[in-house]
Amino acid sequence: RKEVEQDPGPFNVPEGATVAFNCTYSNSASQSFFWYRQDCRKEPKLLMSVYSSGNEDGRFTAQLNRASQYISLLIRDSKLSDSATYLCVVNGVWGAQKLVFGQGTRLTINP
Amino acid sequence: NAGVTQTPKFRVLKTGQSMTLLCAQDMNHEYMYWYRQDPGMGLRLIHYSVGEGTTAKGEVPDGYNVSRLKKQNFLLGLESAAPSQTSVYFCASGEPNTEAFFGQGTRLTVV
């Protein structure tokens, strides 16, 4: 089983739609969780961190479910500029500190 | 605002040649990482370092060596390049349990 798994998509949705991504992780002791965004041929950039209580940043909402070991990202009122690949990232535990990436979910917003 | 800088940006190698990729960060981060990204594979961790003078193997370390002689630099070496090492290489740096910041990537082709 991969440490971090995502549905690779692709997701094609119309502008203005709501889209949700899920990601599962295998290490129950993982402590930090992130969503990154990667545009074509560019480096990944942090979209938002994911906290146990859930967090929101404008049209983006991230949630963490430790019991089921998954994190989610919700994008409301999607824009053309949201087209990108979204990467789920999980941080390892102390003593085995490393960042593990999911394979990414490709999103295309259609006009 | 340099952040994480990778050198070179592009390189073409012949099979069997060697090269070193340089990653430099000016944020005084403890942790540094080398990833490779291939189509459909997401980012896979090659090696990482949790501090000056330390290195550790990631998911796909074979064929690569690394060194972290100075805190701000993390070098990735290919001793004898193979076509299977054609990829985009990303370096990143960060602090424990926080997000990582990425360089712009090195596009390597081995012919």
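Treat the numbers as computed from the prediction; the structure is a model and nothing was measured. By convention in this document, chain letters (A, B, ...) are assigned in the order of the sequence lines, proteins followed by strands, and residues within each chain are numbered from 1. Note: hydrogens, waters and symmetry copies are ignored here, and every other heavy atom, side chains too, is used.
Under the 6.0 Å cut-off for aromatic ring centres, A:F34 and B:F101 do not qualify, their centroids lying 6.0 Å or more apart.
A 4.5 Å side-chain heavy-atom check between A:L99 and B:Y35 finds at least one atom pair inside the cut-off. Side-chain contact between B:Q37 and A:Q38: present, with at least one pair of heavy atoms (C-beta onward) separated by less than 4.5 Å. Side-chain contact between B:L43 and A:P44: present, with at least one pair of heavy atoms (C-beta onward) separated by less than 4.5 Å.
B:F74 and A:F101 fall into different hydrophobic clusters, where Ile, Leu, Val, Met, Phe, Trp and Tyr residues are linked whenever their side-chain heavy atoms come under 4.5 Å apart, directly or through other members. Note on B:V88 and B:L76: separate hydrophobic clusters, where clusters join Ile, Leu, Val, Met, Phe, Trp and Tyr whose side-chain heavy atoms are under 4.5 Å apart, directly or indirectly. In terms of hydrophobic clustering, with Ile, Leu, Val, Met, Phe, Trp and Tyr side chains grouped at heavy-atom distances under 4.5 Å, B:W34 and B:V110 are assigned to a common cluster. Transitive grouping of hydrophobic side chains (ILVMFWY, heavy atoms separated by less than 4.5 Å) brings B:L21 and B:M32 into a common cluster. A continuous path of ILVMFWY side-chain contacts below 4.5 Å connects A:I75 to A:V13, so both sit in one hydrophobic cluster.
Heavy atoms closer than 4.5 Å to chain A are found in the side chain of B:R107, but not in its backbone. Using a 4.5 Å cut-off between heavy atoms, A:Y36 contacts chain B through its side chain alone, with no backbone atom that close. Looking at B:L45, the atoms closer than 4.5 Å to chain A (heavy atoms on both sides) all sit in the side chain, from C-beta outward. With a 4.5 Å cut-off on non-hydrogen atoms, B:F90 touches chain A through its side chain but not through its backbone. A:R106 does not touch chain B: none of its heavy atoms, backbone or side chain, sits under 4.5 Å away.
Applying the 6.0 Å contact sphere to CD of B:Q104 captures no more than 12 heavy atoms from other residues, nucleotides or ligands. Counting heavy-atom neighbours within 6.0 Å of A:Q63 CD, excluding the residue itself, gives a total of 12 or less. Around CD of B:E79, the count of heavy atoms belonging to other residues, nucleotides or ligands within 6.0 Å does not exceed 12.
B:F102 pairs with exactly one of A:K45, A:E43, A:K42 by the side chain to side chain contact (heavy atoms under 4.5 Å, CB included) rule, that one being A:E43.
Ranked by heavy-atom pairs under 4.5 Å with chain B, the list A:Q103, A:R41, A:E3 is led by A:R41.
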